[in-house]
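Have a look at the structure below, then the notes.
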Amino acid sequence: SEMQQAAKTTLPLLAKAAQEGQSGANIDATMTLTQAVKPAEILWRGKVGAVIQAQDAASHAASTSLTASVDRALWQLGGLALLAIVLGSLIARRITRSITRPVGRAIVVAGRIAQGDLSSSFIPESKDELGQLLQGRAAMQEHLRQLVGNIRQSADSIQTLSLIHI
């Protein structure tokens, strides 16, 4: 590369100037440094600076790319979190409605039974624990209907007998 070529030119000249200085030829050493080494060194430093700038540019590009990737990942994560919240809310609403609707209907029927109206009916549709509880309540209502019917028959029979004996 150009940088290696510049180093091959500069380093031998620098060694020559050092050797001249050690041998006492200070003027020759100074002339070699100023006329031969300095221009080669300037060229060499320029090549090193260009490599450093290229590395800085590549590092900046990689940093920018990484930042963009992180931003995309955060947006995707945020979107998935929002989707999870929406789906969770919909599922929670459906579960809540599957519980509150049958209970609400059972409360209405229980209120009618409490007022003495045994004619209303509610047949639970689910087979879970709530459905079993509501089936038990429906069975109790049917038993009360039969019991009230038997009591009515007995009362009617007593009334008929009492009218006959008068």
Side-chain angles (χ1 to χ4, degrees), residues 1-115 117 120-143:
S1 79
E2 292 179 16
M3 188 174 74
Q4 289 173 338
Q5 185 61 37
K8 285 181 183 178
T9 304
T10 304
L11 292 177
L13 291 172
L14 191 56
K16 178 183 175 191
Q19 186 179 27
E20 289 171 345
Q22 286 176 348
S23 67
N26 292 336
I27 293 177
D28 290 339
T30 302
M31 292 301 289
T32 301
L33 283 173
T34 56
Q35 291 180 354
V37 173
K38 187 174 181 180
E41 181 186 7
I42 290 172
L43 179 65
W44 183 27
R45 286 183 186 261
K47 300 297 181 189
V48 169
V51 169
I52 290 172
Q53 285 178 343
Q55 289 294 324
D56 284 347
S59 176
H60 180 70
S63 174
T64 302
S65 175
L66 179 63
T67 300
S69 293
V70 167
D71 287 347
R72 274 192 309 274
L74 288 175
W75 277 105
Q76 289 172 348
L77 183 62
L80 288 175
L82 182 63
L83 179 64
I85 289 170
V86 168
L87 286 176
S89 297
L90 291 174
I91 290 169
R93 184 172 181 219
R94 184 176 172 110
I95 290 171
T96 301
R97 289 177 72 195
S98 74
I99 293 170
T100 57
R101 279 186 174 174
V103 169
R105 290 188 298 199
I107 289 171
V108 169
V109 171
R112 289 181 184 159
I113 291 170
Q115 293 173 356
D117 180 9
S120 62
S121 64
F122 171 69
I123 300 170
E125 300 163 1
S126 65
K127 302 292 183 199
D128 59 3
E129 292 83 3
L130 180 60
Q132 292 172 0
L133 176 66
L134 295 175
Q135 286 175 352
R137 194 235 7 104
M140 180 179 71
Q141 180 182 0
E142 183 58 35
H143 182 66

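FYI, the numbering just counts along the sequence from 1. Side-chain atoms are counted along with the backbone in the values below, which use heavy atoms only and exclude waters and symmetry mates.
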Straight-line distance of [X] [atom1] to [Y] [atom2], nearest 0.5 Å:
X	Y	atom1	atom2	value
E41	L11	CD	CG	10.0 Å
L43	Q5	CG	CD	9.5 Å
L83	L87	CG	CG	4.5 Å
T100	I95	OG1	CD1	11.5 Å
W75	L80	CH2	CG	13.5 Å
R97	R94	CZ	CZ	8.5 Å

Under 3.5 Å side-chain donor-acceptor pair for T96 and R93: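 No donor-acceptor contact under 3.5 Å links the two side chains.
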Q141 versus R137, side-chain donor and acceptor atoms under 3.5 Å: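 Present: a donor and an acceptor within the cut-off.
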N/O donor-acceptor pair under 3.5 Å between S63 side chain and S59 backbone: no
Test item: S65 side-chain N/O and A61 main-chain N/O as donor-acceptor pair under 3.5 Å: no
Exercise: identify the closest heavy-atom pair between [X] and [Y]:
X	Y	result
K127	Q132	O-NE2, 3.6 Å
G21	A29	N-CB, 3.6 Å
K38	T34	CB-O, 3.7 Å
L13	A40	CD1-CB, 4.3 Å

Atom CD of E142: over 12 foreign heavy atoms under 6.0 Å: yes
From V37, T9, T32, residue fulfilling side-chain contact (heavy atoms from CB on, under 4.5 Å) relative to L14: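 Testing L14 for a side-chain contact (heavy atoms from CB on, under 4.5 Å) against V37, T9, T32 leaves exactly one candidate, V37.
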Chi angles and distances behind the side chain to side chain donor-acceptor pair (under 3.5 Å) call for S69, R72: CA-CA 5 Å; S69 293; R72 274 192 309 274; 3.1 Å; yes
Check against side chain to side chain contact (heavy atoms under 4.5 Å, CB included), V108 and R112: CA-CA 6 Å; V108 169; R112 289 181 184 159; 3.9 Å; yes
